[in-house]
Amino acid sequence: MNVPLLDLKAQYRTIKDEVLAVTQELYENQRFILGPEVEKLEEEVARYCHTEYAVGVSSGTDALLISLMAAGIGPGDEVITSPYTFFATVGSIARVGATPVFVDIREDTYNIDPQAISDKITERTKAIIPVHLYGQCCDMDPILELAQVHDLVVIEDAAQAIGAEYKDKRAGSMGDMGCFSFFPSKNLGAFGDGGMVTTSSDILYKKLKILRVHGSDPKYYHKVIGGNFRLDALQAAILRVKLAHLDQWTTARRSNARRYRELFSNEGLDTSIMLPAEKNGRHIYNQFIIAVESRRDELREFLNEAGIGTEVYYPVPMHLQPCFEYLNAGKGDFAKAEAAAEKTLALPIYSELTDEQLAYVVRKIKTFYSS
Ligand SMILES: *Cc1c(COP(=O)(O)O)cnc(C)c1O
């Protein structure tokens, strides 16, 4: 049997006719940059994320970058975030000239530990970027409270978390801005790169729109320096087709996660292997992450030979990346992030997986740990 980590072709087969219809239309009218499709997608994403506004941008990375720019963050400022995230979170902070300040994660959710944040707040701290890793929201109440007390901007990195909820609030609606990615492997994936910033602030919305087009306002007049952060109409049109299916796909991912739990429990593996914790709301399972006490890389190799795709998100925490050596953090400084990097493994969780495939994955893990 073959169980890839993600099978986008299986998803495409279910929406092919719709996608071809909307893209055909765009080929005919030849309007490729921003325009009505992007505006409609922005309205739909804002509604979906329970915010006033959404601004379509070129990628999740650019969503983070433009948000930091809109918040006026730059040299001399400190931004608190997790060391256990995709590179873009921390890369964006450094690219605006600010200093990333790391706070270790919680062992159960792999998200930033709110209890450890206040120790890192200084008079230079300007923002917190909580990352809703794997599709589960951070524990936001204590984070928002700290932000309120210390007057900090909160930028949610919701790249992996569209539709995730924390106590009935949607990812991207709790902070000042929410950043989403439409990279193909995200739950709402484009046919290329794309991203979105959500906000309910009129002021930030206006700034984001201006920064997206090189800071131009009106056209060819610049009070600020922005970038080319525009979203393609083609991507927007495809994303609108896919957004209509998103809840159904999320339901299927959540049901696969439930099935995994039953299967792990039936095989007696749920005590030795840590399954994802579900805390405070709706986990959308962009990734289904297990943590094993030993032989993670061997397990990965074994599953690969059995036709099962897996991935390690992420093998090197950000404080140990050579490019961030200047931050003077070393091994042992963020022990929980380092442990997660050694123990975690992403299993296939995409919507179209069959019961047989799920059972096969768990059976093979059982076989590995029985030998
Ligand atoms: C994917 C991702 C990003 C970056 O998104 P791109 O669209 O690939 O630029 C940022 N943060 C996190 C947590 C991500 O998973």
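All ligand and atom numbering here is 1-based and tracks the order in the structure.
Checked by distance only, ligand 1 and Leu64 stay at 3.5 Å or farther apart across all their nitrogen or oxygen atoms. For the pair Asp157 and ligand 1, the shortest N or O to N or O distance falls below 3.5 Å. Considering backbone and side-chain N/O of Asp193, none are found under 3.5 Å from N/O of ligand 1.
Against a heavy-atom cut-off of under 4.0 Å, Ala88 is close to the following atoms of ligand 1: 4 (C), 10 (C). Counting atoms of ligand 1 from 1 in the listed order, those under 4.0 Å from a heavy atom of Gly60 are 4 (C), 5 (O), 6 (P), 7 (O), 9 (O). Residue contact check: Val131 has heavy atoms under 4.0 Å from atoms 13 (C) of ligand 1. Residue contact check: Thr85 has heavy atoms under 4.0 Å from atoms 13 (C) of ligand 1. Taking every heavy atom of Gln160 and a limit of under 4.0 angstrom, the matching atoms of ligand 1 come to 13 (C), 14 (C), 15 (O).
Between Phe86 and Tyr314, the ring planes lie tilted relative to each other; the angle falls in the 30° to 60° range. Aromatic ring orientation, Tyr134 versus Tyr84: perpendicular (interplanar angle above 60°, classes split at 30° and 60°).
For Ser265 (side chain) and Arg261 (main-chain N/O), no donor-acceptor pair under 3.5 Å exists by modelled atom type.
Judged purely by distance below 3.5 Å, without hydrogens or angles, the side chains of Lys209 and Tyr205 pair a donor atom with an acceptor atom. Glu156 and His132 share a donor-acceptor pair across their side chains, judged by distance under 3.5 Å alone.
Tyr53 and Met174 fall into different hydrophobic clusters, where Ile, Leu, Val, Met, Phe, Trp and Tyr are joined by side-chain heavy atoms under 4.5 Å apart, directly or via other members.
The protein non-hydrogen atom at the shortest distance from atom 3 (C) of ligand 1 is Phe86 CD2, 3.5 Å. Protein heavy atom at the shortest distance from atom 9 (O) of ligand 1 is Thr61 OG1, 2.5 Å.
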> Asp139 and Lys279: salt bridge (Lys or Arg N to Asp or Glu O under 4.0 Å), yes or no, with the steps?
Replying inline: CA-CA 8 Å; Asp139 185 11; Lys279 302 266 182 188; over 6 Å; no
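A heavy-atom separation below 4.0 Å is found between Lys186 and ligand 1.
In this structure, the ring of Tyr350 has its center no less than 6.0 angstrom from the ring center of Tyr285.
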